[in-house]
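One structure below.
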There are 2 protein chains.
Amino acid sequence: MELNDRKIQILQAIIMNYLETAEPVGSRTISRRLPLGLSSATIRNEMSDLEEMGLIVQPHTSAGRIPSTKGYRLYVDHLMGLSGKPMERFDQLRGLLQNKYVQLDSLMKEMGDILAELTKYTAIVDMPQFRKTRIKRLQLVPLDQYSMILVVVTDGNIVRNNVIRTRHPLQVEDTYRMTDILNEHLAGRTFDAITPEEAAAMKREMQADSTMMEGVWDAISNMLRYADNIDVFTSGATNILNFPEFSDIARARALMEVFHEKDKMLSLVDYDLKEDESMKITIGSENTIEQLKDCSVVTATYKYGGQNIGSISVVGPMRMDYDRVIGTLDYLVKDFQNMFADNEEKEQKKPTE
Amino acid sequence: MELNDRKIQILQAIIMNYLETAEPVGSRTISRRLPLGLSSATIRNEMSDLEEMGLIVQPHTSAGRIPSTKGYRLYVDHLMGLSGKPMERFDQLRGLLQNKYVQLDSLMKEMGDILAELTKYTAIVDMPQFRKTRIKRLQLVPLDQYSMILVVVTDGNIVRNNVIRTRHPLQVEDTYRMTDILNEHLAGRTFDAITPEEAAAMKREMQADSTMMEGVWDAISNMLRYADNIDVFTSGATNILNFPEFSDIARARALMEVFHEKDKMLSLVDYDLKEDESMKITIGSENTIEQLKDCSVVTATYKYGGQNIGSISVVGPMRMDYDRVIGTLDYLVKDFQNMFADNEEKEQKKPTE
DNA sequence: TGTTAGCACTCGATGCGATAGAGTGCTAAC
DNA sequence: GTTAGCACTCTATCGCATCGAGTGCTAACA
């Protein structure tokens, strides 16, 4: 059967109506709504065809139609008018991204919160892969005789820190000297770019400089290797409670639970995308996670240095306002990427050593 | 009417039964359960008295009884057997508290998560008042020509950092020198202990040392004044969905919403306690927050240097397992306080300047 | 050939009455 | 003081009739 223009118009009308009301759409509604001057009977015939084509389904015999996964897919891929309207309320985020506060965890959390608030859906933020960003500066901060904190600042002024313990008593001057050596070797590079041979060489060189460096390098390389917290944040999980499709408490709970299962969320936001697409939409049964079979997920990835280093997702009901979600995500990701880019520029005027 | 021993036994039986089942308790149930050899009719008489005393209520005429706020209060204050049984699963937290990872936000968040998981209720963690803890060390980390990060480590190896911008171009050596000056003046003191006069004097002294210090001191004092993030974290908010009393979606949503209103949560965990009590229990209608009228809140405060600096709370249904919650909270708070105490000891062996 | 009016049919939602059952309060007997 | 017995109350549940939205089909129409 051919999907002619009229069928498309009707499908679109059904979907848009359903997006608003969350109620099955009947032929009369469409007949009145569409300015085609067609009676409900004609619409019924067309709807019957659309159902046969698998684009819409009937919850039960005497109900209206709702879009199927396939129907949404068609809508998202071809029918949806991408409104590039500028988003308000982003100023708040802008402020954050302008380096005012740069604790990675807090930043990502805040991003998720804002996204959840803007979209009214649930946001899932995947931590950027620290190891793929460039080290701007390292600094050892002495704490007491046997411990210090290693502060690492990477591009985007992302700060992370770990406690390091040593076997030999520390002097404050030692930490300064070690800091200088560390920066000399590592500043301006990404963690990933450091080969094992190089690391070994660095270690030897450092130990030659001071016996005390011994434990330090191990701790550092340890941190670099393991401390890349692959992690996800979920924000606005409870937003889904506002949608009638999840007013069943059991279903709501199942969703809540899955939102807090980190491995499932990680598999969800997996940003293993083709190079050219930066936005992935998974609709209903296309989801691999059982509990999300009635949900849609829009995932946007962000890049750094040409590589995907993380992603941001929105999870909502299948009748999600795809248009707005995509617009918001797009804006958000671009801003976030700019944060890294801006700092790369500034990098030119380094503090003079 | 006198609350004799038998009445107390019956009340206790009613409460304990209701804690388990969340169903109104009938006279027959008590008659069978209590080894007093009393018939249900006798129990009914006693229950009638207990109701007259306001300790139990009937949801409707032909239903069993459930404890009233007053009844729970009596139970919590006098009847409950405080089982000091040691808690398992705390090892995880122990690890965290042993300085392995010391980002304040993450630590507090993790504490909330563990508490929520252990109790199966919702945990609310109030950030410790940074300003009342003692500064162990400050460190300026240069970023680029016009910005650097001020890292502050306080007792308990709590790390916080803020970006500082300057008008004058920076040299790396400057940041080292400034760091030394900062530590000389501020290390070992609490933010609160610094008087305005003292601060002004410090500023003058610093500016004499270097013109570049100008903007720096302002930024620092700014950070100390405003950056004490009075904040709360809510963990396991969705746990309450598991309780039948909140299976009504509207009520569940109202609760969820209130959990995310930071000011309300702050008012909730207000740790304005009498000096001698470290645990406050608010039951049902005793709550000032409307949405929590059916909930109970157990709040434990933690001290540092003799002052309350924060609190940890558990929110659950009125038929909460008070006993277990109190035990868990008590354990958690003690451990957390030890973290500060331990580090105070270590403080003796400072790194040699 | 496409469109439409008309109509029988389906099925969920709603409302109502009857019923069952849990639990009470009261009374009278022990 | 305790208890058996009983009438009473109230909720929860089930069946049943009804309503109405919406469909599919057929026949007539342009």
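Every chain is numbered from 1 and lettered A, B, ... according to where its sequence line falls, protein lines coming before strand lines. Below, each value reflects all heavy atoms present in this structure, side chains not excepted, and no hydrogens, waters or symmetry copies. Since the structure is predicted, the reported quantities are computational estimates derived from the model, not experimental observations.
Whole-Å rounding puts the A:Arg44 CZ to C:dA5 P distance at 10 Å. C:dG2 atom C1' lies 12 Å from atom NZ of A:Lys7, rounded to whole Å. As a whole-Å value, the separation of B:Gln58 CD from C:dA22 P is 16 Å. In this structure, B:Ile14 atom CD1 and C:dG23 atom C1' are separated by 13 Å, rounded to whole Å. With rounding to whole Å, A:Arg28 atom CZ is found 11 Å from C:dA5 atom P. In this entry the distance linking CG of A:Leu38 with P of C:dG2 reads 13 Å, nearest Å. Per the geometry, CD1 belonging to A:Ile10 stands 13 Å off C1' belonging to C:dG2, to the nearest Å. Atom CG of A:Asp49 is separated from atom P of D:dG24 by 10 Å (rounded to the nearest Å).
Listed here is the closest heavy atom pair of A:Ala300 and A:Met279: CB-SD, 3.7 Å.
Between A:Arg6 and C:dT3 there is a side-chain N or O to OP1 or OP2 distance below 4.0 Å. Remark: A:Thr61 is in phosphate contact with C:dC11, judged by side-chain N or O atoms under 4.0 Å from OP1 or OP2. When the side-chain nitrogen and oxygen atoms of A:Arg65 are compared with OP1 and OP2 of D:dT23, one or more of them lie within a distance under 4.0 Å. Neither OP1 nor OP2 of D:dG22 sits under 4.0 Å from any side-chain N or O of A:Ser40.
The side chain of B:Thr42 lies closest to D:dT3 when the candidates are C:dT4, D:dT3, D:dG24.
Proximity of a side-chain donor or acceptor of B:Ser31 to a complementary backbone N or O of B:Leu38 within less than 3.5 Å is detected.
If you find the closest nucleotide of DNA chain C to B:Gly64 and to B:Asn45, the one lying nearer the 5' end belongs to B:Gly64. Heavy-atom distances to DNA chain D give each of B:Gly37 and B:His60 a nearest nucleotide, and the one nearer the 5′ end belongs to B:Gly37. Of the two residues contacting DNA chain D, namely A:Ala41 and B:Ser39, the nearest-nucleotide position lying further toward the 5' end is that of B:Ser39.
Atom CZ of A:Arg28 is surrounded by 12 or fewer heavy atoms from other residues, nucleotides or ligands within 6.0 Å. More than 12 heavy-atom neighbours from other residues, nucleotides or ligands sit within 6.0 angstrom of CE on A:Met53.
Judged by distance alone, the side chains of A:Thr299 and A:Ser313 do bring a donor and an acceptor atom under 3.5 Å apart. Between the side chains of A:Ser296 and A:Tyr322, at least one donor N or O lies within less than 3.5 Å of an accepting N or O. Judged by distance alone, the side chains of B:Asp113 and B:Ser235 do bring a donor and an acceptor atom under 3.5 Å apart. Side chains of A:Thr328 and A:Thr119: no donor on one and acceptor on the other come within 3.5 Å.
A donor-acceptor contact under 3.5 Å is formed by the side chain of B:Ser62 with the base of D:dT9.
For D:dG5, the paired nucleotide is C:dC26, the pair qualifying as Watson-Crick or G-U wobble because both relevant distances are below 3.5 Å.
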Between the protein and nucleotides 15-19 of chain D, list every N/O to N/O distance that falls short of 3.5 Å.
none

